[in-house]
Amino acid sequence: MLDIKLIRDQPDVVRAGFARRGEDPALVDQVLRLDERRRELLREVEALKATRNLVSKEISKMKDAAAREAKIAEMRALGDQIGEFDRQAAAADAEFDALMLVLPNLPDQRVPVGTSEHDNIVVRTEGTPRAFDFTPKPHWELGEALDIIDFERGIKISGSRFFVLKGAGARLQRALVGWMLDTHTTKHGYTEVLPPYVVKADALVGTGNLPKFGENLFRIEGHDLTLIPTAEVPVTNLYREEILDAGQLPIYHVAYTPCWRNEQMSGGRDVRGIKRVYQFDKVEMVKFVEPAHSYAELLTLIDNAEQICKALAIPYRLLELCTADLGTAVMKYDLELWAPGVDEWLEVSSCANFGDYQARRANIRYRPEHGAKPEFVHTLNGSGLALPRVMIAIIENYQQADGSIVVPEVLRGYMGGVDVIR
RNA sequence: GGGCAGGUGACGGAGUGGUUGAACGUGCUCGUCUCGAAAACGAGUUAGGGUGAAACCUACGGGGGUUCGAAUCCCCCCCUGCCCUCCA
């Protein structure tokens with residue numbers, strides 16, 4: 001959510017920000033009109049209430065019965081009027097609030113302007129793709145042959161875009177989860193959190209998934225509960241409606257959870273393999289920081305995710321996302337692992353600074369110092385990393401001519417001595 | 001799912017229709033005192049909106065109602081604790 005004061009005081013700045021990311025600048029004028037109307041109604045109803053409060057106090061001291069009754073009758077009429085204004089003011093508020101919740105965030109000035117994901121910038125590429133003396137196979141062929149991914153039975157029990165990991169495949173993913181969590185908690189300073197996997201609508205509004213981006217969510221029928229699309233939702237909402245002490249910041253959390261996404265918009269794309277599925281696991285990092293530090297915190301967040309890619313010894317690249325691909329962030333970077341079997345770069349991490357956009361929605365504040373007014377924190381999050389695509393990258397990069405898969409060195413301690421899956 | 005008891009500021013805890021935005025205590029901040037600290041004493045200390053600053057408005061779990069006036073009365077819902085039931 002944006003600061004209404006910013007919109008009032010510097011509408012041109014907001015219009016320009018919307019234009020940079022391809023949103024309609026006229027939204028600004030629409031919100032200003034609604035703001036003016038609701039404030040006008042508020043001023044009127046508050047003046048009436050002030051009168052009522054004053055007279056009510058007088059009534060309590062009045063001795064003369066007739067005069068008292070007259071005042072009460074007068075206030076009864078005023079009460080009806082207040083009720084009518086209250087209703088109008090509430091309606092105007094609701095309209096204003098609804099628009100505020102769908103306004104996009106303003107991109108950071110440093111973000112390159114673009115009109116689609118094609119305008120994202122490759123910042124750098126690390127590692128060299130391995131030279132194969134045979135044709136590398138896609139992970140679905142290798143996974144099925146080794147009996148570590150069972151596509152058919154996943155579809156049988158849950159439908160398309162669900163899969164089953166089995167034997168060394170299940171063990172490999174568990175090893176990755178354990179290793180990633182250990183790395184972030186012991187080397188990068190994150191505190192592990194194991195949150196609920198379903199949340200109330202409020203939480204989704206807090207992170208910005210609702211009301212605008214609800215089409216990819218799985219809702220639980222008959223309940224106000226939704227399966228989380230990412231751990232970002234429960235973890236960011238951990239401190240909703242709270243005022244933190246400055247001494248508590250920065251807060252770093254890391255959480256491993258399954259994620260559910262109803263990929264309606266992706267049509268028939270990526271139907272093979274485990275690249276795009278309805279349920280996947282992910283290790284997610286979330287930060288709550290003081291506003292002045294959020295840019296520096298984004299850089300370390302990216303580095304934390306990058307360390308995982310680096311340690312796996314798989315080629316990867318860092319992308320700076322353009323204004324069209326920002327989602328609700330002010331600034332965002334993606335990490336992509338190279339996958340030789342499917343012959344493409346796979347997005348395994350998205351690291352973003354949201355500024356105070358989520359903090360305003362979720363009302364997450366901190367007190368800069370004793371006695372000071374509470375201010376909104378800045379929130380950030382980044383995948384560290386998304387599991388199925390890391391699995392793809394490992395399977396395809398570490399495959400051997402005979403179809404076996406070498407276990408990356410960093411994971412061997414987590415694999416109970418298995419160094420080759422065959 | 002059933003029953004009982006509750007939900008008030010950072011915390012404990014008063015308050016059952018009218019100077020209560022909230023007693024009292026604790027904590028915290030500043031000051032006096034002190035070589036320094038503790039103790040003691042004094043002052044301050046909820047949040048949101050609003051204003052140049054005030055005034056003023058709103059909020060005592062949430063929503064609705066009664067009333068000139070509600071933290072206080074009524075209705076619905078949510079949450080917490082305990083007991084029973086159920087269950088991994």
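Within every chain, numbering begins at 1; the chains are lettered A, B, ... in the order of the sequence lines, protein sequences first and strands thereafter.
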| Above 12 or not: heavy atoms from other molecules or residues under 6.0 Å from CD of A/Glu409? | no

| message | Give me the distance, rounded to whole Å, that separates B/G17 from B/C56 when you measure between the C1' atoms they each carry. | response | 24 Å

| query | Hey, is the side chain of A/Arg39 poking within less than 4.0 Å of OP1 or OP2 on B/U51, counting only N and O atoms? | reply | yes

| task | Determine the contact category for A/Arg365: base if any of its heavy atoms lies under 4.0 Å from a base atom, sugar-phosphate if only primed atoms, P, OP1 or OP2 are that close, otherwise nothing. | result | sugar-phosphate

| message | What's A/Leu42 touching, base or sugar-phosphate or nothing? Going by heavy atoms closer than 4.0 Å. | response | sugar-phosphate

| message | When you measure from the centre of the six-membered ring of A/Tyr295, is the NZ or CZ of A/Arg110 closer than 6.0 Å and no more than 45° off the axis? | response | yes

| request: Could you summarise the pairing of RNA chain B as dot-bracket text, marking Watson-Crick and G-U pairs under 3.5 Å with ( ) or [ ] inside the strand and | across strands? | output: ((((((((.[[[..)..(.....]]]((((((.......))))))((((......)))).[[[[[..)....]]]]])))))))....

| Can a salt bridge be assigned to the pair A/Asp9 and A/Lys5 using a cut-off of 4.0 Å between side-chain N and carboxylate O? | no

| message | Any base atoms under 4.0 Å from A/Arg8, or only sugar-phosphate, or nothing? Heavy atoms, all strands. | response | sugar-phosphate

| said: Can you confirm whether the side chains of A/Tyr239 and A/His253 place a donor and an acceptor under 3.5 Å from each other? | reply: yes

| said: With a 4.0 Å cutoff (strictly under), does any side-chain N or O of A/Asn53 reach OP1 or OP2 of B/C68? | reply: no

| query | Looking only at atom C1', what distance separates B/G48 and B/A43, rounded to whole Å? | reply | 26 Å

| Non-neighbouring partners of A/Ile157 that pass side chain to side chain contact (heavy atoms under 4.5 Å, CB included), sequence neighbours left out | A/Val164

| task | Return no unless some side-chain N or O of A/Arg367 is found under 4.0 Å from OP1 or OP2 of B/A47. | result | yes

| field | Whole-Å P distance, B/G18 and B/G69 | value | 14 Å

| task | Just compare B/C68, B/A47, B/C57 and give me whichever is closest to any side-chain atom of A/Arg68. | result | B/C68

| message | Taking B/C28 as the reference, what is the distance to B/G62 when you measure between their P atoms (whole Å, please)? | response | 29 Å

| message | Is it true that, when you exclude A/Lys200 itself, more than 12 heavy atoms of the residues, nucleotides or ligands shown sit nearer than 6.0 Å to its NZ? | response | no

| message | Is there a side-chain contact between A/Arg76 and the phosphate of B/C68, meaning an N or O under 4.0 Å from OP1 or OP2? | response | yes

| field | Any donor-acceptor pair under 3.5 Å from A/Asp119 side chain to A/Thr115 backbone | value | yes

| message | Looking only at the side chain of A/Lys5 (C-beta and beyond, no hydrogens), which of the listed nucleotides B/A47, B/G49, B/C57 gets closest? | response | B/G49

| query | Starting at the 5' end of RNA chain B, which residue's closest nucleotide do you reach first, A/Ile4 or A/Ile72? | reply | A/Ile4

| message | Distance check, C1' atoms only: B/C82 and B/U72, in whole angstrom units. | response | 26 Å

| message | Just to be sure I understand the rule, does A/Lys57 reach a base, reach only the sugar-phosphate, or reach nothing, if contact means heavy atoms closer than 4.0 Å? | response | nothing

| If the P atom of B/G21 is compared with that of B/C83, how far apart are they to the nearest Å? | 40 Å

